[in-house]
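Let me begin by presenting the structure, written as structure tokens, before commenting on it.
Along the sequence shown, the residues carry numbers beginning at 1. Because only heavy atoms are used, hydrogens play no part in the values below, and waters and symmetry mates are left out as well, while side chains stay in.
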Amino acid sequence: QVQLVESGGGLVQPGESLKLSCAASGSIRSLGVMAWYRQAPGKERDLVARISSDGTHTDYTDSVKGRFTISRDNAENTVYLQMDSLKFEDTAVYYCNAVIQRPGDVRFAPYWGQGTQVTVSS
């Protein structure tokens with residue numbers, strides 16, 4: 001079994017910061033690309049940021065560029081999302097995603113966390 005467990009969500013005011021964490025645990029041979037998605041009420045789940053397996057390449061959706069930073073600690077199988085200058089429109093459930101190779105498998109498969117709520121409100 002593989003689990004992704006997110007933490008760090010909460011209620012903040014506009015302009016404040018939050019840092020999300022997502023730890024992968026269980027039967028893992030190799031951890032590939034990791035990413036953060038978000039889903040606002042009534043909307044589809046969209047990619048926010050992703051990071052390559054070695055942490056050298058990152059991508060961000062335009063609306064968070066310059067405000068959010070994705071990083072990872074491969075020794076801890078953890079991905080982070082530092083969110084600064086938060087805006088009302090950042091309110092959503094944030095989901096962690098990781099592509100994982102399990103022992104004995106050739107292929108990588110995607111796994112999802114349970115989600116953590118981020119609410120930006122005055």
Side-chain angles (χ1 to χ4, degrees):
Q1 288 282 21
V2 172
Q3 278 191 318
L4 298 180
V5 179
E6 299 117 333
S7 60
L11 172 64
V12 296
Q13 294 186 345
E16 294 185 338
S17 299
L18 276 177
K19 186 173 185 177
L20 306 182
S21 300
C22 171
S25 63
S27 183
I28 298 171
R29 177 180 181 183
S30 183
L31 204 55
V33 172
M34 301 185 80
W36 289 95
Y37 287 72
R38 66 186 179 187
Q39 186 168 21
K43 296 189 177 181
E44 295 185 350
R45 188 176 300 187
D46 293 324
L47 176 67
V48 176
R50 61 186 173 190
I51 186 167
S52 61
S53 56
D54 62 1
T56 59
H57 294 90
T58 58
D59 291 307
Y60 299 90
T61 190
D62 286 345
S63 62
V64 308
K65 285 180 180 177
R67 300 188 298 119
F68 290 11
T69 304
I70 189 170
S71 61
R72 65 191 289 166
D73 181 345
N74 284 341
E76 299 293 332
N77 285 348
T78 300
V79 64
Y80 304 96
L81 186 67
Q82 175 67 44
M83 304 185 293
D84 298 321
S85 302
L86 282 160
K87 303 177 179 180
F88 294 119
E89 53 264 41
D90 295 319
T91 295
V93 178
Y94 284 70
Y95 296 91
C96 173
N97 172 271
V99 181
I100 295 172
Q101 183 186 39
R102 299 185 62 187
D105 285 346
V106 175
R107 64 184 180 90
F108 284 74
Y111 291 83
W112 291 92
Q114 80 287 356
T116 185
Q117 177 70 46
V118 172
T119 302
V120 184
S121 176
S122 56

Less than 4.0 Å between a side-chain N and a carboxylate O, is that true for Asp90 and Lys87? no

Contact summary for Leu20 and Met83, nearest pair of heavy atoms: CG-CE, 3.7 Å

So how far is it from Leu86 CG to Arg67 CZ, rounded to the nearest 0.5 Å? 6.5 Å

Here the pair of heavy atoms bringing Gln117 nearest to Ala92 is NE2-O, 3.4 Å

So how far is it from Met34 CE to Ser52 OG, rounded to the nearest 0.5 Å? 12.0 Å

Please name the pair of heavy atoms, one in Leu18 and one in Gly9, separated by the smallest distance, quoted to 0.1 Å. CD1-C, 4.4 Å

Nearest 0.5 Å please: distance from the OH atom of Tyr95 over to the CZ atom of Arg45. 4.5 Å

Which pair of heavy atoms, one from Ser17 and one from Ser85, lies closest together, and at what distance? OG-N, 4.3 Å

Are Tyr111 and Tyr80 grouped together when hydrophobic residues (ILVMFWY) are joined by side-chain heavy atoms under 4.5 angstrom apart? no

State whether the number of non-hydrogen atoms from other residues, nucleotides or ligands found under 6.0 Å of Gln114 atom CD is greater than 12. yes

Are more than 12 heavy atoms, taken from residues, nucleotides or ligands other than Glu44, located less than 6.0 Å from that residue's CD atom? no

Restricting to pairs with a member in residues 27-59, which pass ring pair (Phe, Tyr, Trp, His ring centres under 6.0 Å), not counting sequence neighbours? Tyr37-Trp112

Shared hydrophobic cluster, Tyr60 / Val48 (ILVMFWY, side-chain heavy atoms < 4.5 Å): yes

Run the numbers on Thr91 and Ser121 for side chain to side chain contact (heavy atoms under 4.5 Å, CB included), then give the verdict. CA-CA 8 Å; Thr91 295; Ser121 176; over 6 Å; no

Among Asp59, Asn97, Thr61, Thr58, find the residue that satisfies the side-chain hydrogen bond (donor to acceptor under 3.5 Å, both in side chains) test when tested with Arg50. Asp59

Of the non-hydrogen atoms in Ser122 and Phe88, which two are nearest, and what is the gap between them? N-CE2, 3.8 Å

For Ala98 and Leu4, work out which heavy atoms get closest and say how close. N-CD1, 3.8 Å

